Amino acid sequence: MNKTGNLYVEGNSFFHRMDGAIKLIMLLVWTVCTFLFMDVRIFAIMLTGGIFMLLSAGIPFKRMAVLFWLMMIFLVINSIFILLVTPRFGTSLTGSDTPLLPLGYNTINAETLFYVLTLSLKYFTLLPITLLFIFTTHPSRFSASLNKLKVPYKLAYSISIALRYIPDLTQEFRSILNAMQMRGLGISRSDGSLKVRIRNLSLVIVPLLQSSLQHVEMVSDAMDLRGFGTKRERTWYMGTPTSRSDKLTLVLCAILLTVSILLKLKMVQHFWYPF
């Protein structure tokens with residue numbers, strides 16, 4: 001969490017200067033294009049482009065490490081689950097069956113293994129653009145840009161508050177956990193079994209909820225005192241005009257979406273399996 005109390009990382013890259021609503025459109029287009037296909041070749045190209053864009057933003061890896069490793073854990077668990085539950089699912093997609101790893105009750109074949117690889121690469125392709133959006137988008141500027149897209153300003157401001165409060169909630173959780181550990185609450189391996197540690201960790205939930213509700217009430221009272229919501233429109237201190245580069249990015253997103261739809265309809269209609 002930075003000094004502004006959100007996930008935004010200060011910078012002056014092309015993506016830092018980009019309008020928040022345009023970045024949201026870019027993220028949505030990228031997501032749609034990714035889910036149109038089940039082709040490793042396309043995912044490799046998109047992933048390479050996504051990594052290049054993420055690196056150009058100059059975001060330190062340590063700021064993204066938590067989300068990166070959470071994504072990796074999800075991919076590993078998802079892959080293992082598919083291989084154990086449906087070890088021959090790939091056969092239904094390719095029509096071939098190449099036994100690879102016996103499990104006793106069934107056999108994992110090469111087709112399913114390649115399917116899991118493709119699916120993991122599909123999810124991983126979304127990660128660079130998602131991280132780019134999260135860490136280069138200032139909440140206040142994002143809310144102002146959403147309002148330019150005719151999103152009601154109450155909804156836009158709610159999104160801004162949510163983006164600001166997520167890091168605060170994380171910090172509050174750590175503070176409560178540290179305070180309870182100082183009072184003898186054990187969550188490490190030496191403090192008991194997994195069941196005991198989970199029970200101890202669950203004790204943090206009640207004070208965390210109480211603290212969150214108090215924070216919400218304080219913000220709500222402050223907004224009421226300032227007359228928030230009494231008028232149909234409002235101005236934005238962090239609002240910025242749409243630049244020429246933003247418009248160019250919007251055109252490129254439209255081209256990417258069009259090309260992806262044409263590829264899906266004409267050339268890459270099914271799961272790609274090279275063997």
Side-chain angles (χ1 to χ4, degrees), residues 7-9 11 13-83 86 89-90 93-94 108 110-137 142 245-246 248-275:
L7 296 174
Y8 174 72
V9 176
S13 68
F14 172 76
F15 294 101
H16 282 86
R17 297 189 300 270
M18 185 184 295
D19 187 271
I22 302 299
K23 273 187 282 191
L24 177 62
I25 293 173
M26 183 179 71
L27 175 62
L28 294 176
V29 169
W30 193 272
T31 303
V32 170
C33 294
T34 301
F35 278 92
L36 281 175
F37 303 102
M38 280 296 289
D39 194 313
V40 170
R41 300 168 296 178
I42 294 176
F43 295 152
I45 295 173
M46 294 182 68
L47 181 59
T48 302
I51 292 175
F52 174 78
M53 289 188 286
L54 183 60
L55 292 176
S56 68
I59 304 170
F61 178 76
K62 64 180 181 180
R63 293 297 305 274
M64 306 180 290
V66 174
L67 294 178
F68 176 81
W69 290 116
L70 284 176
M71 183 64 177
M72 295 302 296
I73 292 172
F74 165 76
L75 292 179
V76 171
I77 294 176
N78 183 66
S79 300
I80 293 175
F81 183 80
I82 293 174
L83 290 174
T86 57
F89 178 76
L93 299 174
T94 63
I108 298 175
E111 289 78 7
T112 304
L113 194 62
F114 191 81
Y115 166 76
V116 168
L117 173 65
T118 303
L119 188 63
S120 298
L121 195 60
K122 174 198 281 281
Y123 293 144
F124 200 69
T125 301
L126 297 173
L127 184 61
I129 302 299
T130 303
L131 293 175
L132 190 68
F133 174 77
I134 291 173
F135 291 101
T136 64
T137 305
F142 180 55
S245 60
D246 292 333
L248 178 60
T249 302
L250 197 59
V251 171
L252 292 176
C253 288
I255 293 174
L256 175 62
L257 183 60
T258 302
V259 171
S260 299
I261 293 175
L262 291 176
L263 279 176
K264 180 65 176 179
L265 294 176
K266 303 294 184 180
M267 299 178 61
V268 190
Q269 298 181 356
H270 306 290
F271 171 68
W272 183 73
Y273 184 65
F275 305 107

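Not measured: the values here are computed from a predicted model.
Of the inter-residue distances, the one linking Phe114 atom CZ with Trp272 atom CH2 reads 5.0 Å to the nearest 0.5 angstrom. How far OG1 of Thr118 is from CD1 of Ile42: 11.0 Å, rounded to the nearest 0.5 Å. For the atom pair CE of Met46 and CZ of Phe124, the computed distance is 14.0 Å after rounding to the nearest 0.5 Å. For the atom pair OG1 (Thr31) and CG (Leu36), the distance works out to 11.0 Å, reported to the nearest 0.5 Å. For the atom pair Arg17 CZ and Ile22 CD1, the distance stands at 15.0 Å (nearest 0.5 Å). Atom CG of Asp39 sits about 10.0 Å away from atom CG of Leu121, to the nearest 0.5 Å.
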>> Using the rule given for side-chain contact (heavy atoms from CB on, under 4.5 Å), can you reason through Met64 versus Leu54, listing the C-alpha separation, both sets of side-chain angles and the distance that settles it, and then say yes or no?
In response: CA-CA 11 Å; Met64 306 180 290; Leu54 183 60; 3.9 Å; yes
> Given the rule in the side-chain contact (heavy atoms from CB on, under 4.5 Å) test, do Phe74 and Trp69 qualify, once you have shown the distances and angles that lead to the verdict?
Replying inline: CA-CA 8 Å; Phe74 165 76; Trp69 290 116; over 6 Å; no
>> Is there a side-chain contact (heavy atoms from CB on, under 4.5 Å) between Phe89 and Val116? Walk through the geometry before answering.
In response: CA-CA 10 Å; Phe89 178 76; Val116 168; over 6 Å; no
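Leu67 is not listed as a side-chain neighbour of Thr130, based on a closest heavy-atom distance of 4.5 Å or more. Inter-residue side-chain proximity for Pro60 and Val9 is flagged as met; some heavy-atom pair is nearer than 4.5 Å. Side-chain contact check for Leu93 versus Tyr115: some heavy-atom pair is nearer than 4.5 Å. Within the 4.5 Å cutoff, no side-chain heavy atoms of Leu47 are placed close to those of Phe43.
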Donor-acceptor contacts under 3.5 Å from residues 250-259 side chains, at least two apart:
| from | atom 1 | to | atom 2 | distance (Å) |
| --- | --- | --- | --- | --- |
| Thr258 | OG1 | Ala254 | O | 2.8 |

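Under a cut-off of 6.0 angstrom, the local environment of CZ in Phe14 is crowded, with over 12 non-hydrogen atoms contributed by other residues, nucleotides or ligands.
For the pair Arg63 and Ile59, the tightest heavy-atom approach, listed with the atom from each and the gap, is CB-CG2, 4.5 Å. The nearest pair of heavy atoms linking Ser56 to Phe15 is OG-CE1, 3.4 Å. Here the closest non-hydrogen pair linking Ile129 and Gly50 is CD1-CA, 4.2 Å. When all heavy atoms are compared, the tightest approach of Leu119 to Met38 is N-CE, 4.4 Å. Counting all heavy atoms, side chain and backbone alike, Met53 lies closest to Leu132 at O-CD1, 3.8 Å.
The aromatic rings of Tyr273 and Phe275 stand perpendicular to each other, their planes meeting at an angle above 60°, with 30° marking the opposite boundary.
Between the side chain of Thr112 and the backbone N or O of Gly90, at least one donor-acceptor pair lies under 3.5 Å. Between the side chain of Lys122 and the backbone N or O of Phe37 there is at least one donor-acceptor pair closer than 3.5 Å.
A side-chain donor-acceptor contact under 3.5 Å links Ser120 and Ser79.
Ring centroids of Phe61 and Phe68 are separated by less than 6.0 Å, placing the two rings close together.
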